[in-house]
Amino acid sequence: MLSRISYFSCLLLMLYASFSFYPRRKQPHEQATIAWDVSGYYWYLPSVFIYKDLKHQQFKDSVLKKYAPTPDFQEAFLDSSSGNYVMKYSSGMAVMFLPYFTAAHFAAKAMGYPADGFSAPYQFAIQVGGLIMSLIGLWYFRRFLKKYYSDTVVALALFILVFGTNYLNYGAIDTGMSHTWLFTLYVFLLLSTRAYYEKPNAKYAAITGFLMGLLTLTRPTEAISCLIPLLWGMESFSAQAIRERLAFFKKNLKFILVTAVCAAAVVSVQMMYWKYASGHWIVYSYQDQGFSWLHPHLYDYPLSFRSGWFTFTPMMMFAFVGLIPFVKYGRNRIMILSFFLLNFYVVSSWDIWWFGGRAMVQSYPILILPIATLLEVMLRKKVWLIILGPIFILFLYINIWFTYIEHAGNAYDPYMNNPYYWSVIGRFTIPEEKKKLLDRYDKIYTGTLNNKKLLYENDFENDTENHCSLPPIAGNRSLCLDKAHPYSKSYSFAYTPQTPGWVRAEATFYRPMEAWEPWHMAQFILKFYNSTAEVKKQMISVDRFMHHGNKQDLWIDTEMPTQPFNSISISFYNGDEDKIVEVDNLKVWRFED
């Protein structure tokens, strides 16, 4: 009974998140349901069924111009050997999207929307399809957990999964992403494997093979799903256990062949596409994105402040803690431990590890089991409930907070660092100035500027370099950084302080269109020198504070260095050659706290 209540609590939260809090289907362009990676998964369907152009992609420019799912065409790459476009992502998600795409296509025609694959009915269908898949996965995961744990433990495990992890985001908001779809496939694979070992037959063998094939077709690294049927039921790697497993395989060889044939048949869909598009049976479509197998990012992946799995989903630390009681009390120990560790190694080896904990979501049907075992122990031994219970509650709060700020708050940044993270964590209202901590910036000054004294000013009216061709900010000439002149000169002046204090450098900036990646952002740089030796540097990225082409007054506050210095220098840099930056009204002040 409790597990049902827990499930429906999760359902209500997910419905609220999907339809009220942040309905992705209503967002424009790169925030829409079918955008970024999702548009890459999905691109097969309009290519085949609407535009009849899987190879040449002659329709791509019109779609990008109208819907802007990505800034440029990232869904496929031009294959040099064939001259055709080849999809970056494999086709498993397109296969699972197909029923929803079909329904949306008929609905678009009937309701008067453009039947172009990207209008509102298609966005709605993919979002709702992902939500349905997520809720189905949760329901059947509940059924699976009940075979091994009490109803109370199952209720807590479901609640923790949805309220306490990034399953909430990918199951309710970013539903077009592959992760909760794969979660559900893994749940079905666990159920079919269990049924097969209880009663070996061709039906369960075929279902198991089909699920492994579809997992691999969706994400090739999910080929590790074969560990589930291979190691199911093994509790040790003893010689006796291995002999028994080999004897089981030998006895049921024909069913194993059925599994292998079904898995291979599904995976062959991708190989046939590659052959059709490129002339090759095997294509590495991720090109320059790969794996560092010998140097996995075992620390950065879970613990980096930029996008670490534990940093933003701390609840999953309990999966590792739960391994301690799981080794003693759990079932299917060899399969669970092997999958757990190998999957963590594979994900950590991905060179683009900073995409964060989302790559672990599909493996939560395995990773939640140690947490469930830990919960079981906590309910038996109340002292552990008293010790760990408050930490569980704190981690639930952090997950809800992070889900909120990622979509509705102004705090999340994909390039978070240590100072910024600890400055904003758990806070729902955050001053925008905190974003300065994302750069080379000591601390935010919040006091009163006492004894303020102007040290330097420059309106660039008499500066003969780099004047803008744009209309000036304030009716006068201004400094312009563009493709021809991305760097300004250093605006330096002599200054030797008599007493300790602070310095504020301020200027007015204009950018017709802001940049998003840190390496493209304009920089406002303040340096202290002792003769020619740099003593201290402070810098902020201007674009973090620019909004839709409005001019913006920005400043850098910093304590004077304790080391001796005798000059201060201000400079500017434009990291995006295609976007002009205009600067005016530079002033440098000295003040006291």
Side-chain angles (χ1 to χ4, degrees), residues 24 30 32-51 53-57 59-60 63-64 67-79 82 84-101 117-118 122-123 125-127 129-130 133 170 174-186 212-225 266-278 280-291 346-347 350-356 358-362:
R24 181 72 79 179
E30 295 167 18
T33 301
I34 306 172
W36 293 108
D37 291 12
V38 179
S39 67
Y41 308 151
Y42 175 85
W43 206 267
Y44 290 89
L45 298 175
S47 297
V48 172
F49 296 105
I50 297 177
Y51 301 102
D53 183 11
L54 196 55
K55 286 183 178 180
H56 305 296
Q57 298 295 315
F59 67 93
K60 63 181 175 60
V63 170
L64 291 179
Y67 294 102
T70 50
D72 49 23
F73 190 49
Q74 302 177 10
E75 291 77 3
F77 69 94
L78 190 62
D79 178 57
S82 65
N84 297 326
Y85 280 96
V86 177
M87 301 294 181
K88 176 179 179 178
Y89 302 97
S90 51
S91 57
M93 287 301 296
V95 171
M96 291 189 281
F97 285 159
L98 182 57
Y100 303 100
F101 167 83
F118 295 88
Y122 301 93
Q123 305 286 345
I126 298 304
Q127 181 182 348
M133 192 73 166
Y170 292 101
D174 292 327
T175 60
M177 294 294 288
S178 63
H179 309 293
T180 53
W181 297 72
L182 291 168
F183 174 97
T184 300
L185 295 183
Y186 268 112
M212 287 194 299
L214 188 52
L215 281 159
T216 306
L217 184 66
T218 303
R219 286 172 67 96
T221 53
E222 304 309 327
I224 64 171
S225 61
V266 176
V267 172
S268 69
V269 170
Q270 190 64 35
M271 298 176 68
M272 288 187 286
Y273 162 71
W274 281 332
K275 182 66 174 175
Y276 168 77
S278 72
H280 304 287
W281 289 106
I282 301 293
V283 175
Y284 188 73
S285 57
Y286 283 80
Q287 298 183 288
D288 59 343
Q289 299 173 359
F291 294 85
V346 170
V347 172
W350 182 235
D351 285 337
I352 312 177
W353 56 268
W354 54 82
F355 279 95
R358 72 189 197 191
M360 299 298 290
V361 172
Q362 56 262 35

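Side-chain atoms are counted along with the backbone in the values below, which use heavy atoms only and exclude waters and symmetry mates.
- Of the N and O atoms on the side chains of Thr175 and Gln127, not one donor lies less than 3.5 Å from an acceptor on the other residue.
- One distance of note links OG of Ser91 with CE of Met93; it measures 11.5 Å at 0.5 Å rounding.
- For Trp43 and Phe118, the ring centers are positioned less than 6.0 Å apart.
- The main-chain N or O of Thr218 is found under 3.5 Å from a side-chain atom of Ser90 such that the two form a donor-acceptor pair.
- Ala94 meets the side chain to side chain contact (heavy atoms under 4.5 Å, CB included) test with Tyr44, Leu45; sequence neighbours excluded.
- Legend: residues meeting salt bridge (charged side-chain N to carboxylate O under 4.0 Å, His left out) with Asp79, ordered by chain and number and at least two apart, are absent.
- A cation-pi arrangement is absent between Lys88 and Phe77 under the rule of less than 6.0 angstrom and at most 45 degrees off the ring axis.
- A centroid separation of 6.0 Å or more is found between the aromatic rings of Tyr122 and Tyr42.
- Using the six-membered ring where Trp is involved, Tyr41 and Phe97 have ring planes that are tilted, between 30° and 60° apart.
- Residues Trp274 and His280 fail the side-chain proximity criterion, which asks for heavy atoms closer than 4.5 Å.
- A donor-acceptor contact under 3.5 angstrom links the side chains of Tyr186 and Glu222, judged on distance only.
- Of the N and O atoms on the side chains of Gln362 and Ser178, not one donor lies less than 3.5 Å from an acceptor on the other residue.
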